[in-house]
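What follows is a set of notes on a single structure, which appears directly below.
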Amino acid sequence: MSESTLSAVAADVGQVAGGGFDPVLPGLILLLPLLGFAVNGALALASGSRSATALREGREEDHASSARPLTHTLPTWVGPGVMLAAFLLTAVNFVGMLGVELAEPVIRTYWTWMATGALSVEAAIQLDQLSLIMMMVITGVGFLIHVFSVGYMKEDPGYPRYFAYLNLFVFFMLTLVMGANFPMMFVGWEGVGLCSYLLIGFWFRDREKANAGKKAFIVNRVGDFGLLVAMFILFAVFGTLDYQAIFGAAPDTLVYGGATVTAVTLFLLLGAAGKSAQVPLYVWLPDAMAGPTPVSALIHAATMVTAGVYLVARSSVLFAMAPVGAAAVATVGAITALFAATIALKQYDIKKVLAYSTVSQLGFMFMGVGVGAYAAGVFHLMTHAFFKALLFLGAGAVIHSMHHALHATHKDWDAQDMRNMGGLRRFMPATWITMWVATLAIAGIWPFAGFFSKDEIIWYVGTSAPASVLYTVLWGMAIATALLTAFYMTRMMVMTFHGPNRTGGAEAKHLHEAPLNMTIPLGILAVLSVFGGWINVPGSVRDSFFGGFGLLPMSDWLDRWLEPLTATAYQIRVDQLGAYASTSPVGGGHVLWGAIATGLALAVVIIGARVVGSREIRPAVDSPEPTGFGKILHDKWYVDELYDRILVRPIQSLSRACWRWIDQVIIDGTVNAVGSMARGFGWFGSLVQTGQLNTYAFILTLGALVVLGVLIL
Amino acid sequence: MLVEALVLSAILFVIGTLGVLVRRNAIIMFLCIELQLNAVNLSFVAFSRYLGIEGQIYVFFVMTVAAAEAAVGLAIIISIFRHYESVNVENFNLLKW
Amino acid sequence: MTLDFASNADYLWVLLPEIVLSVWAMVVLLAGVRRPDDPPVNPEVLGWLSLVGIALAAGVNGWLYGVTSTNPAAMITVDGFRLFSNWIFLLGAALTILIAPAYVARQRLQAGEFYTLILLATVGMMFMGGTRNLILLFLALETMSIAAYVLTAYNRRDRRSAEGGLKYFLLGSFSSGFLLYGIALVWGATGSVHLPEIGATVEAGAGFTGLLLAGMALLAIGFAFKVAAVPFHMWTPDVYEGAPSPATAFMAAAVKAASFVAFVRVFMEAFPALYESWYPIMWWLAAFTMVIANVVALSQSNVKRMLAYSSVAHGGYLLVALAAANQMAMAGLLFYLLVYTVMTVGAFGVLMVVAHHGEDRLQVEDYAGFGAMRPLLAVLFTIFLLSLAGFPGTAGFMAKIYLLQGAVDSQLWTLSILLVLTTVVSYYYYLRVAWFMWMRPAPEGQVAASFWAPLPLKVALVAGAGIILYLGIFPGGLLDEAMASAEGLGLARDVFLGLRP
Amino acid sequence: MSGLLQASAYESWILHALIWLPLLGILGVLASSEERAKHFAFAWTSGLFVLSLGLLWAFDPAGPLFQFTSDAPWIELWGVGYSLGIDGISLFMILLTTFIMPVAILGAYRYIGEKRRAFYALMLLLQTGIVGVFASMDLFLFYIFFELTLVPMYFIVGVWGGERRVYAAVKFFLYTALGSLLMLVGILYLYIQAQAGGAPPSFHYLELLGTPLTLGEQLWLFAAFALAFAIKVPLFPFHTWLPDAHVEAPTPGSVVLAAVLLKLGAYGFIRFVLPFFPDAATHPTVVMVMLVLGVVGIIYAAWVAAVQPDAKKLVAYTSVAHMGFVVLGIFALTLNGLQGGLLVMISHGISTGALFLLLGMLYERRHTRLIEDFGGLARVAPLLATAFVITALATIGVPGTSGFVGEFLALLGTWERHPIIALVGTTGVIFAAYYMLPMVQKILFNELDREENRTMPDLSGREIAVLAPLVALMVLLGVFPTPVLDRMEPGARAVVEYVEETTRDGSLLEAARLDRVDTQSRFVHDSGRHELLISPDPTWSLSDRSGAFRIPDDHILRDEG
């Protein structure tokens with residue numbers, strides 16, 4: 001293998017790509033995080049072995065105070081270092097691509113991965129507009145989160161292991177978006193799931209956390225099942241699994257709305273729903289909050305969970321060919337968005353609120369790509385990466401602080417429960433401000449990033465209404481969700497940062513702002529959360545008040561950037577379903593609805609702040625259990641319980657029954673019974689052997705009579 | 001004539017067989033076996049009337065064998081009598097199953 | 001040398017092996033004689049002496065390959081079938097004599113008579129294999145049987161031996177009666193006691209059919225008793241268990257072989273034309289024997305008795321060859337008998353080592369820890385057991401394949417499947433001994449020294465295992481030899497094809 | 001490298017050496033002391049592995065289908081030959097065997113405490129048997145080796161096993177012997193049928209191939225063969241011997257059993273059942289039954305595995321599930337499926353072997369196999385935990401590990417013909433996570449709540465040396481399986497295409513018979529037997545990678561004319 005890989009890398013350097021775009025060491029972008037993983041992994045093993053020795057000798061290592069060993073200083077540089085390098089390299093490539101009109105993706109093939117018969121899957125990466133924008137988000141946000149982690153995880157004994165996992169995650173995430181065919185994407189797809197599993201269960205000593213990791217993996221595998229099946233169908237139809245070949249041939253090979261393409265898209269949707277935590281497979285994501293908070297920011301908000309959106313966007317041609325599949329995507333997205341938003345209303349754990357918010361926002365993205373607004377979906381994916389990462393990191397800073405405070409006095413309160421917080425803005429102003437920026441962004445308030453991306457999605461859902469009345473309903477759900485979003489985010493901010501402090505007098509002394517290496521990433525992300533939305537302002541909006549009457553530097557940039565990838569799909573959609581309407585289902589143009597949306601959201605934020613602020617909130621230990629509908633929301637509509645009842649436990653009981661009854665009683669019982677029966681017959685047969693001569697002679701004579709009879713008669 | 005002789009011989013043979021089946025005394029059983037052999041001898045003799053003299057010679061062979069068997073058999077019976085103080089075959093069931 | 005039996009002196013030549021062995025038997029008998037107050041002769045010495053006789057007889061038997069008989073009416077043949085079966089008997093006798101000291105010396109029995117009886121029984125067997133005359137066959141059979149009765153009851157101090165002897169004697173004579181009656185009726189029906197003549201008469205359709213069939217049935221019954229086919233096997237377990245172990249080995253191996261050889265010769269030479277009539281008998285006897293013997297053997301905890309049932313079961317496999325009745329099957333039968341003789345005697349040899357003085361350790365539990373204490377003997381025993389089970393790599397496998405080949409040649413599919421299924425059953429009881437040997441720890445206080453294995457026994461075991469392995473890996477030569485020896489005994493292939501489409 | 005191989009006439013002796021040198025090694029083991037026996041056995045098997053590595057270079061994927069062929073008469077009366085030869089499929093099975101053996105021996109240095117010489121002698125005997133099975137071109141020889149593997153395994157399980165070792169050993173032995181003996185009757189039937197046209201007797205694979213059989217005969221023979229192999233694989237519902245044998249077997253026994261012995265069954269299906277009985281093997285009902293059993297095995301075994309309290313038993317059931325994928329791949333009768341099945345076989349050999357080694361290491365430390373007796377081991381034994389997790393991931397087929405490629409191809413190939421079956425089979429990936437992750441969690445993660453686990457040592461240098469190559473192979477085969485797939489392809493393609501060709505319509509069976517008569521005479525009269533398949537004759541050789549068993553058209557035409 002080594003030879004061919006080396007030659008492929010050599011080709012990587014020397015090869016001149018077509019289309020005027022010459023990528024700079026794209027393979028290295030992948031290799032860098034892998035290298036980081038290797039180094040950090042080795043350090044982790046060394047560190048783990050040392051801890052294990054200490055443990056065997058009966059002493060616990062104290063990482064907080066003692067001089068930090070090499071295994072804990074090196075990852076600080078290696079982990080974020082490789083990310084920075086990868087980001088810079090990506091940026092170079094991105095800039096390189098900016099200058100050229102790239103109609104066809106640049107594909108680099110390294111070696112043949114699986115080849116047999118008609119199937120040939122190459123280990124190949126594909127650089128195009130979509131993958132590059134994803135890579136920018138992954139490496140950029142990833143780098144910031146790595147930096148944040150340095151501060152956040154400093155005292156953790158598993159520090160090198162943490163960075164090893166994180167680097168590995170980035171490697172797989174990059175593989176996911178850079179792969180040039182479905183199996184390559186699947187490598188990343190399952191790889192990120194694996195890293196997610198490892199990172200959710202990072203503190204595996206806690207059974208709950210380990211369980212959460214396991215749950216994430218298994219639920220994700222349900223989705224992976226769908227993806228596998230989709231690949232099988234695609235191979236059966238196209239005889240290949242390369243993106244270019246499939247998407248190029250799809251319009252001619254497949255029948256519009258036919259069973260095949262519908263099946264493919266539905267299975268792809270299953271896969272996407274698993275990874276992107278959509279109904280009905282969203283249940284793992286809230287539990288995934290068991291992982292360290294930067295992990296939640298990177299994996300469970302900014303990057304991995306958006307893989308489903310990426311998948312749909314990547315397969316836009318297929319979804320455009322399958323109206324039912326696309327509608328299903330939009331519907332699933334809408335239901336998820338609304339459903340998760342209702343749950344978020346009554347959560348007290350700050351990370352849970354953010355988790356459901358993430359689920360909800362992913363629903364938005366699904367709606368977007370479901371109605372054919374692929375660029376809008378990707379746009380929201382990007383802005384969401386900024387502000388949600390920011391929110392999570394902010395929450396991380398809060399939890400970090402709360403944890404220290406509670407730890408200082410050994411109070412066994414929950415550091416993540418918002419009822420135990422309150423008034424934190426006095427202690428951590430930087431966090432407070434940046435998180436408000438993110439909140440306003442997610443609430444969809446002009447001119448923050450979320451406003452542009454989310455409203456674009458809502459707009460496209462609304463303007464799809466001529467195709468089917470379904471979209472009118474979805475549109476209504478989307479607007480409702482947007483308002484709920486504004487409310488629960490406000491509630492979270494108010495409960496956390498405003499009002500009186502409920503942590504307790506002694507503890508409050510220990511509350512503090514996060515260190516610089518944590519707040520700087522917050523700041524950068526805050527900036528991105530403000531301006532990130534400006535890259536894709538629709539032309540009509542740009543010309544209106546919201547665009548500062550043309551003062552924004554660019555409009556529809558992302559739409560145009562992604563056009564080579566979405567044009568085919570867009571054309572199919574327009575041909576088959578007609579163009580998008582120019583007004584919403586109830587009338588009104590783009591600008592008007594922009595105004596309405598931001599106005600409503602602002603109103604909800606203000607009213608919500610007053611409502612929540614006026615409530616009396618008591619620390620969690622003193623709080624009454626929620627009642628009525630609130631309890632249902634608080635208990636997440638009992639979906640986990642439902643799954644437990646109708647799926648998990650039946651399968652477990654069935655498994656046990658299979659073992660105890662089918663395996664042990666029926667199959668093994670039969671096998672053993674045959675044996676016992678044979679021996680029983682043997683025992684029975686030996687009873688004839690009485691030892692009595694006369695018996696013997698009798699039987700002998702009997703036999704003789706039979707033989708004589710047979711022969712003579 | 002032949003048929004009658006053969007039937008007689010068969011009857012004698014069956015009597016001998018039945019004797020082996022129903023009697024319990026080893027010596028009586030042995031004598032029943034001798035009866036069987038002699039029944040066969042009768043057949044030989046009867047056949048020899050039609051097939052030639054050699055049938056009668058065969059009878060001598062059989063008698064010789066029977067004598068040898070008697071010698072060995074009685075020795076065995078004596079041997080077992082020493083162990084069991086009995087020649088009732090019902091008692092000899094150390095070996096079974 | 002060519003013999004035409006114009007002069008009766010020719011019989012001297014053709015019977016030379018039997019004569020040599022008979023004479024030597026007398027020599028051994030005399031050599032074993034001592035005054036009552038003298039110490040008995042060392043059984044090992046007498047054993048080696050007997051072996052010399054067997055070697056001489058074997059040499060003469062080899063010489064007979066150069067002799068041809070031109071007179072088909074002769075009572076004694078010199079065909080390959082006879083000579084090959086002579087090898088089997090001589091080998092069986094030799095191995096038995098080699099393993100015997102372990103028993104004879106330990107039980108303080110008269111070695112001279114013991115060996116003499118074995119040699120004389122062997123002479124009877126050789127006659128059985130060589131004769132074409134029913135009356136001579138009867139005499140040979142009785143020579144062998146009477147010696148076997150005595151061997152069974154040989155240990156006068158042992159109740160079991162006496163009981164076994166009595167049972168064997170009474171039932172054996174009883175069945176001899178049937179056999180003799182059968183001879184009489186066949187003679188009456190065909191007017192001949194010479195097998196080829198009978199065959200010719202039957203072929204021509206002459207003779208009294210009723211008498212003939214009855215006679216044939218009685219012959220079949222007599223032989224079925226001798227080969228211990230179910231349900232005529234009832235005596236076997238008791239006799240085999242009661243008899244002194246070397247005698248058991250001899251009976252299980254050589255006596256059974258001789259009975260089969262005679263069985264085959266009579267039915268293949270005298271009644272091939274009646275194959276259709278007796279084929280179902282053989283079929284059912286084989287099926288019953290294989291199934292019942294193997295199944296009953298499962299429940300045996302006494303290894304000697306288990307081996308007795310196993311011997312019955314092997315008789316069942318051999319009966320398949322009779323049912324198949326083609327040359328391949330006959331060759332298979334010969335090969336199987338040879339292999340079977342070696343492995344059975346070998347197994348009994350190890351059994352005697354474990355059994356101790358007085359044969360009080362025969363239960364399978366007594367084998368616990370044997371492997372750990374006497375690994376070499378246990379390995380040998382394992383080889384014999386695997387061969388008995390018909391496992392690849394051993395001669396038992398090749399033998400079974402030979403039989404199977406014969407059976408499938410005659411399209412006996414059901415019997416073939418029964419054969420392999422019952423083989424699986426037999427794995428269980430053979431392996432059970434192996435697992436006690438190897439997988440159970442020895443009981444407290446058991447020491448390796450309590451297993452006494454004299455030199456001749458070791459020689460026999462090593463030689464036996466060597467033969468088993470050699471024939472398991474390079475069977476080719478002997479297979480060809482067996483095939484040649486069965487020349488002319490099998491029914492033509494189209495007989496079966498016509499019979500069983 | 002290839003120069004060296006040529007200079008030493010590697011082709012001519014390597015297969016014989018790989019079969020018989022282990023037997024020679026037995027002498028060495030027996031001659032060394034109890035202490036040294038393991039070193040000797042390890043060195044010997046390692047040497048054999050190094051020897052066998054040359055096969056990779058010497059085997060020419062573009063060359064004839066069967067290579068390294070040799071043919072010597074053995075039992076002429078029956079037409080049995082000592083005929084050896086391998087194609088790409090057997091090649092990797094042999095390599096897997098020679099690779100696993102030293103690993104298994106080294107991995108159990110401490111586990112085997114008593115009667116060591118006997119143990120290593122049996123292991124070497126086992127190796128002879130297994131390599132012999134894969135290298136035999138003669139059915140008789142094949143059968144002997146096939147059965148020969150039973151005896152050493154019986155003793156390995158029965159003597160060095162756990163508490164219920166005797167039960168497990170006997171069950172294993174009787175179960176597998178039952179199947180193989182019925183197959184023996186089938187072989188004989190085939191052998192007799194092949195002579196029906198007056199051909200001389202022969203057990204040679206290529207001569208029995210294409211024996212004309214009616215569909216009814218094929219179905220019966222298929223049943224006889226398939227039962228033997230289905231038990232060996234094991235296919236649901238013939239699998240119950242496996243958990244018992246695995247649980248009771250000592251570590252190296254489990255490793256070899258899982259890694260190689262189970263493959264004998266699948267190998268038998270590919271090598272014999274499909275080409276010998278193409279009509280039966282493509283009979284819709286038969287195919288459906290086999291596929292359904294395979295798929296049921298995947299899911300059922302996964303479920304049963306998930307509720308096992310005994311870790312070794314759990315892994316044993318996962319073997320059943322994995323072999324279900326293999327059966328799917330085989331009976332999909334597509335090239336992709338078959339290739340996938342083969343790769344699953346190899347991958348399963350490596351990953352499950354590693355799992356058994358790991359469980360053995362845990363057992364050596366704690367003398368328990370119960371999952372609940374562990375917990376939190378990742379803290380005291382991070383190296384072990386790392387190896388364990390990687391192995392577990394390979395077992396459940398995470399991409400980038402060997403497990404994925406095989407399962408993916410197998411399911412992909414199945415989908416081409418039987419989408420519904422493949423769909424159900426694919427749920428196996430979910431259930432794989434369902435059985436494996438809880439075990440990983442309960443052993444490695446959670447709180448380290450048992451005192452006796454707190455002092456558990458991590459992997460020793462020797463144990464690292466055992467696991468490292470396995471882990472490396474898992475990743476290597478996951479990332480770059482091409483060398484394996486390339487070499488196996490001609491063999492797999494030959495089988496698939498042969499089955500397709502002979503069953504396309506009824507007349508081909510007749511054509512095959514006629515062709516057989518024709519080739520028979522050439523086989524017999526030519527001094528170079530079977531030259532048709534092993535010579536570079538353009539109509540027959542595989543230089544175009546497609547000729548395989550294909551019947552040349554001109555033969556058919558000539559014979560019909």
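Source: prediction; values computed, not measured. Side chains included, hydrogens not; waters and symmetry mates left out as well; all remaining heavy atoms used.
- Residue-level contacts of residues 161-171 of chain C with chain B, in order of numbering, are A162(C), E163(C), G164(C), G165(C), L166(C), K167(C), F169(C), L170(C); threshold 4.5 Å between heavy atoms.
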Which atom pairs, donor and acceptor, lie under 3.5 Å between side-chain atoms of residues 304-311 of chain C and protein residues at least two apart or in another chain?
{"residue": "K304(C)", "atom": "NZ", "partner": "E241(C)", "partner atom": "O", "Å": "3.2"}
{"residue": "K304(C)", "atom": "NZ", "partner": "A243(C)", "partner atom": "O", "Å": "2.6"}
{"residue": "K304(C)", "atom": "NZ", "partner": "S245(C)", "partner atom": "OG", "Å": "3.3"}
{"residue": "K304(C)", "atom": "NZ", "partner": "E359(C)", "partner atom": "OE1", "Å": "2.7"}
{"residue": "R305(C)", "atom": "NE", "partner": "K96(B)", "partner atom": "O", "Å": "3.3"}
{"residue": "R305(C)", "atom": "NE", "partner": "W97(B)", "partner atom": "O", "Å": "2.2"}
{"residue": "R305(C)", "atom": "NH1", "partner": "D238(C)", "partner atom": "OD1", "Å": "3.1"}
{"residue": "R305(C)", "atom": "NH1", "partner": "E241(C)", "partner atom": "OE1", "Å": "2.7"}
{"residue": "R305(C)", "atom": "NH2", "partner": "K96(B)", "partner atom": "O", "Å": "3.2"}
{"residue": "R305(C)", "atom": "NH2", "partner": "W97(B)", "partner atom": "O", "Å": "2.9"}
{"residue": "R305(C)", "atom": "NH2", "partner": "D238(C)", "partner atom": "OD1", "Å": "3.0"}
{"residue": "Y309(C)", "atom": "OH", "partner": "Q689(A)", "partner atom": "OE1", "Å": "3.4"}
{"residue": "S310(C)", "atom": "OG", "partner": "L307(C)", "partner atom": "O", "Å": "3.4"}
{"residue": "S310(C)", "atom": "OG", "partner": "Y430(C)", "partner atom": "OH", "Å": "2.9"}
{"residue": "S311(C)", "atom": "OG", "partner": "K256(C)", "partner atom": "NZ", "Å": "2.9"}
{"residue": "S311(C)", "atom": "OG", "partner": "Y340(C)", "partner atom": "OH", "Å": "3.2"}

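- Pairing each heavy atom of A184(C) with each of V40(B), the nearest pair is CB-CG1, 3.8 Å.
- Ranked by heavy-atom pairs shorter than 4.5 Å toward chain C, the options V89(B), L37(B), T17(B) are led by T17(B).
- Rounding to the nearest 0.5 angstrom, the gap separating the CD atom in Q36(B) from the OH atom in Y181(C) is 10.5 Å.
- In terms of the side chain to side chain contact (heavy atoms under 4.5 Å, CB included) criterion, residue partners of E142(C) (sequence neighbours excluded) are, by chain and number, V65(B), E69(B), F138(C), I146(C), S176(C).
- D158(C) touches chain B through its backbone: at least one of N, CA, C or O sits under 4.5 Å from a heavy atom, while the side chain does not.
- Identified under the side chain to side chain donor-acceptor pair (under 3.5 Å) test for residues 22-32 of chain B, with sequence neighbours left out: N694(A)-R24(B), R24(B)-E90(B).
- Proximity to chain C (any heavy atom under 4.5 Å) is shown, for S9(B), by both the backbone and the side chain.
- Here CZ of F13(B) is found 8.0 Å from CG of L180(C). Values are rounded to the nearest 0.5 Å.
- Contacts with chain C were tallied for R82(B), E54(B), H83(B), M29(B); H83(B) has the most, counting heavy-atom pairs under 4.5 Å.
- Using bins of under 30°, 30° to 60° and over 60° for the plane-to-plane angle, the ring pair F44(B)/W187(C) lands in the tilted bin.
- Heavy atoms of I135(C) lying under 4.5 Å from chain B belong exclusively to its side chain.
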